[in-house]
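Step one of this worksheet: look at the structure below.
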Amino acid sequence: MLIAPIDDLGFVTFDVPNWRLLNGLGRGRFSSVFSCCSTQSDEVFVMKVFRGNIMHMATTERNVLTSLSEGGVANIPSFKELHLFADFHALILTPLGIPVLPCPVSADVTPNMLVALLNVVQMAHGLNWIHRDIKPDNIYLDCDDTLRIVLNDWSSAVPANVECDYVGTRLFGDGPGANNKHRPDQCLDLRSLVKTAFCLSKQRMPAVEDNDGAVKQYWDRVKLQSPLFRKAINLADAGTADSYDKLAELFANIW
């Protein structure tokens with residue numbers, strides 16, 4: 001049983017058969033995330049809990065992860081599904097490693113790891129999925145292999161170029177369009193990935209006010225100061241077939 005360790009994250013107390021909850025890791029708009037271990041093992045996993053009227057997002061994440069796995073995409077979580085109560089749905093994500101939250105200040109994220117993230121995104125796009133929320137919070141490191149990087153949180157993923165309700169993070173994504181709608185495409189993910197790669201390489205998160213003007217001003221300043229970042233954003237904006245290979249070449253450089 002977990003007793004909420006951080007009151008303002010809104011964690012709740014509940015029993016999960018055969019699982020021991022260890023700690024609260026974070027809470028987003030759609031789910032709460034905990035560290036946990038099986039009663040049969042001390043190996044640490046992550047439990048992602050969906051409740052109430054957003055449980056359908058657990059189904060979305062399950063379906064997307066299944067599609068990606070069947071499509072041969074590496075560096076994504078596998079999962080075990082739990083549906084215990086009428087208003088409770090959880091995914092046990094494996095291999096889970098240590099969540100890098102909010103960014104890997106002390107982690108050595110290598111160029112090869114950044115290219116691995118790019119490969120995940122490219123293969124997901126090949127299967128017509130847009131992640132929509134690529135950011136340092138959604139990057140995991142594998143406990144057993146510290147060189148393995150995992151792109152997590154696929155509950156917001158949607159098919160490419162289909163109009164839908166806006167989901168994203170202002171600092172790393174694009175703002176919503178009219179009526180809080182948008183039509184996500186590959187360029188959206190690539191821009192978010194470039195911004196994420198920049199922060200992971202610099203081992204710091206931007207100190208930026210959460211408003212459109214401040215965010216735009218920050219990234220415009222980065223483009224002026226970093227030719228590599230500016231070139232990467234231009235490649236992301238182009239969204240052509242060779243953008244992925246050219247971005248991989250840039251990610252091999254230290255920004």
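Residues: numbered from 1 along the sequence shown.
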Review point. Got a sec: does the CG of Asp42 have more than 12 other heavy atoms crowding it under 6.0 Å?
Key: no

Across all chains, not counting sequence neighbours, the side-chain hydrogen bond (donor to acceptor under 3.5 Å, both in side chains) partners of Ser155 are Asp153

d(Asn18 CG, Thr39 OG1) to nearest 0.5 Å is 4.5 Å

dist Lys135:NZ -> Met205:CE (nearest 0.5 Å) comes out at 8.0 Å

The complete set of side-chain hydrogen bond (donor to acceptor under 3.5 Å, both in side chains) pairs with one or both residues in residues 111-124, sequence neighbours excluded, reads none

Worksheet item: Considering residues, nucleotides and ligands other than Asn179, do more than 12 of their heavy atoms fall under 6.0 Å from its CG?
Response: no

*asked:* If you count heavy atoms of other groups shown closer than 6.0 angstrom to CD of Gln217, is the number above 12?
replied: no

Exercise for review: Report the C-alpha separation of Ser201 and Leu114 in whole Å, then their side-chain angles, then the decisive distance to 0.1 Å, and conclude whether the side chain to side chain contact (heavy atoms under 4.5 Å, CB included) test is met.
Suggested key: CA-CA 9 Å; Ser201 297; Leu114 296 178; 3.4 Å; yes

ILVMFWY cluster, Val215 and Leu188 together (side-chain gap under 4.5 Å):
no

Heavy-atom closest pair (Lys80 atom, Trp19 atom, distance to 0.1 Å) is CD-CZ2, 4.1 Å

Separation between CG (Leu65) and OG (Ser78), nearest 0.5 Å, reads 8.5 Å

(message) Could you go through Val162 and Arg183, starting from their C-alpha distance and side-chain angles, then the distance that decides it, and tell me whether this counts as side chain to side chain contact (heavy atoms under 4.5 Å, CB included)?
(response) CA-CA 5 Å; Val162 174; Arg183 192 180 293 271; 5.6 Å; no

- Message: Any side-chain to backbone donor/acceptor pair from Thr60 onto His56? Under 3.5 Å, distance only.
- Response: yes

* Asked: Any sub-3.5 Å donor-acceptor pair from Ser67's side-chain atoms to Asn63's backbone N or O?
  -> no

Item checked: Under 3.5 Å donor-acceptor, Thr196 side chain and Ser192 backbone -> yes

So OG of Ser31 and CE of Met47: to nearest 0.5 Å the spacing works out to 12.5 Å

Check your understanding: Do Tyr166 and His182 have ring centres separated by under 6.0 Å?
Key -> yes

For Val120 and Trp154 the tightest heavy-atom approach is CG1-CZ2, 3.8 Å

Residues at least two apart in sequence or cross-chain that pass salt bridge (Lys or Arg N to Asp or Glu O under 4.0 Å) with Arg170, listed by chain then number, are Asp210, Asp212

Looking only at heavy atoms, the pair that brings Gln186 and Ile130 closest together is N-CD1, 3.7 Å

*asked:* Between Thr66 and Arg62 (side chain of the first, backbone of the second, donor and acceptor by atom type, cut-off under 3.5 Å), is there such a pair?
replied: yes

Value for CG (Leu127) from OG (Ser69), rounded to nearest 0.5 Å, stands at 11.0 Å

Hey, are the side chains of Glu61 and Phe50 touching, using non-hydrogen atoms and a 4.5 Å cut-off?
yes

task = Could you tell me whether the side chain of Leu151 reaches within less than 4.5 Å of the side chain of Ile139, counting heavy atoms only?
result = yes

Go through it in stages, so that I can follow the logic: the residues are Val115 and Thr110, the test is side chain to side chain contact (heavy atoms under 4.5 Å, CB included), and I'd like the CA-CA distance, side-chain angles, deciding distance and then a yes or no.
CA-CA 9 Å; Val115 173; Thr110 67; over 6 Å; no

Side-chain touch His89/Leu82, heavy atoms, less than 4.5 angstrom: no

Residue set satisfying ring-ring contact (aromatic ring centres under 6.0 Å, His included) with Trp129, at least two apart, ordered chain then number -> none

On a heavy-atom basis, the closest approach of Val49 and Phe34 is CG2-CE1, 3.7 Å

Any Cys36 side-chain heavy atom under 4.5 Å of Val16 side chain: no

- Verify the cluster assignment for Phe198 and Val109: are they in a single hydrophobic cluster under the rule of side-chain heavy atoms below 4.5 Å apart? yes

Query raised in the report: Charged N to carboxylate O under 4.0 angstrom, Arg132 versus Asp189?
Result: no

Here the gap from Leu193 atom CG to Cys187 atom SG, rounded to the nearest 0.5 Å, amounts to 12.5 Å

Exercise. Quick check: are there more than 12 heavy atoms from other residues, nucleotides or ligands sitting under 6.0 Å from CD of Glu209?
Worked result: no

Apply the test side chain to side chain contact (heavy atoms under 4.5 Å, CB included) to residues Asn75 and Leu117: give CA-CA distance (whole Å), side-chain angles for both, the deciding distance (0.1 Å), then the verdict.
CA-CA 7 Å; Asn75 296 81; Leu117 287 178; 6.0 Å; no

- prompt: Taking atom types as modelled and ignoring hydrogens, do the side chains of Asp133 and Thr169 form a donor-acceptor contact shorter than 3.5 angstrom?
  reply: yes

**Prompt:** Is there a side-chain contact between Trp219 and Val222 (heavy atoms, below 4.5 Å)?
**Reply:** yes

In terms of heavy-atom contacts, Pro136 and Leu200 come closest through CB-CD2, 4.3 Å

Anything under 3.5 Å between a donor and an acceptor, one on a side chain of residues 227-239, the other on a protein residue two or more places apart or in another chain? List them.
{"residue": "Arg230", "atom": "NH1", "partner": "Lys223", "partner atom": "O", "Å": "2.4"}
{"residue": "Asn234", "atom": "ND2", "partner": "Arg230", "partner atom": "O", "Å": "3.3"}
{"residue": "Asp237", "atom": "OD1", "partner": "Arg191", "partner atom": "NH1", "Å": "2.9"}

With sequence neighbours left out, the residues meeting salt bridge (Lys or Arg N to Asp or Glu O under 4.0 Å) with Asp185 are none

Here the pair of heavy atoms bringing Lys216 nearest to Asp220 is NZ-OD2, 2.7 Å

